[in-house]
Every structure is written in C-alpha cells, then in structure tokens.
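Sequence positions, counted from 1, serve as the residue numbers for this chain.
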Amino acid sequence: MKRFLSNAGVINQIVNYDARGVTPGLRKKVDKIINENPASFEYASIYNVSRATAPLASWVKANVKYS
C-alpha cells in the first residue's frame, strides 16, 4: 500500500476514478475481499496503523457500494 500511495499521480487517479466502470465480476471480487477481511476495511482499526490508508479503505467500500 505504501508503494501504491507513493506513486506519482495516485491522488489524481483516486480523485478521477469512475465507479461506473466497475464490472460485476470486479465488484464481486472486491466484495469477497472486504467480507473475508472486514477489520482491514474498518476506519477506526486502520487509522491506528495508517492515517493515510484509513480514508482509502472507506473510499473503496463506498465505490463498491456505489457501483
């Protein structure tokens, strides 16, 4: 995750991400990951480890829900 977040342009990619392009197959895969690792996507749990990653986990969940 640290490597991903340190890439140039990652903020632009996140801000401009279009959840309408998420396919049903991709949504199913991400839902499975979230359901198998719920603590890994809980804001309070993540925030204690990484303040930068906690909002990203919330963003992932929101985009899956929206899609």
| query | Under a single-linkage definition using a 4.5 Å side-chain heavy-atom cutoff for Ile, Leu, Val, Met, Phe, Trp and Tyr, are F41 and V30 assigned to the same hydrophobic cluster? | reply | yes
| query | Distance-only, no hydrogens or angles: does the T53 side chain make a donor-acceptor pair with backbone N or O of S50 under 3.5 Å? | reply | no
| said: Quick check: closest heavy atoms across S58 and Y43, and the distance to 0.1 Å? | reply: OG-CD1, 3.5 Å
| CD1 on I33 to OG on S40, rounded to 0.5 Å | 10.5 Å
| field | Cluster check Y47, W59: I/L/V/M/F/W/Y, side chain < 4.5 angstrom | value | no
| message | Grouping I, L, V, M, F, W and Y whenever their side-chain heavy atoms are under 4.5 Å apart, do I14 and V60 come out in a common cluster? | response | yes
| said: Looking at every heavy atom in both N63 and A19, which two are closest together, and how far apart are they? | reply: OD1-CB, 3.1 Å
| note | Nearest heavy-atom contact between A39 and I46 is O-CG1, 4.2 Å
| message | Nearest 0.5 angstrom please: R27 CZ to Y66 OH, how far? | response | 12.0 Å
| task | Calculate, to the nearest 0.5 Å, the distance between atoms OG and CG belonging to S67 and D31 respectively. | result | 7.5 Å
| query | What is the distance from atom CD of Q13 to atom CG of N7, rounded to the nearest 0.5 Å? | reply | 7.5 Å
| request: Give every residue pair that meets the salt bridge (Lys or Arg N to Asp or Glu O under 4.0 Å) criterion with at least one member in residues 57-67, sequence neighbours excluded. | output: none
| request: Answer with yes or no whether the hydrophobic clustering places V15 together with Y17; edges join I, L, V, M, F, W, Y residues whose side-chain heavy atoms lie under 4.5 Å apart. | output: yes
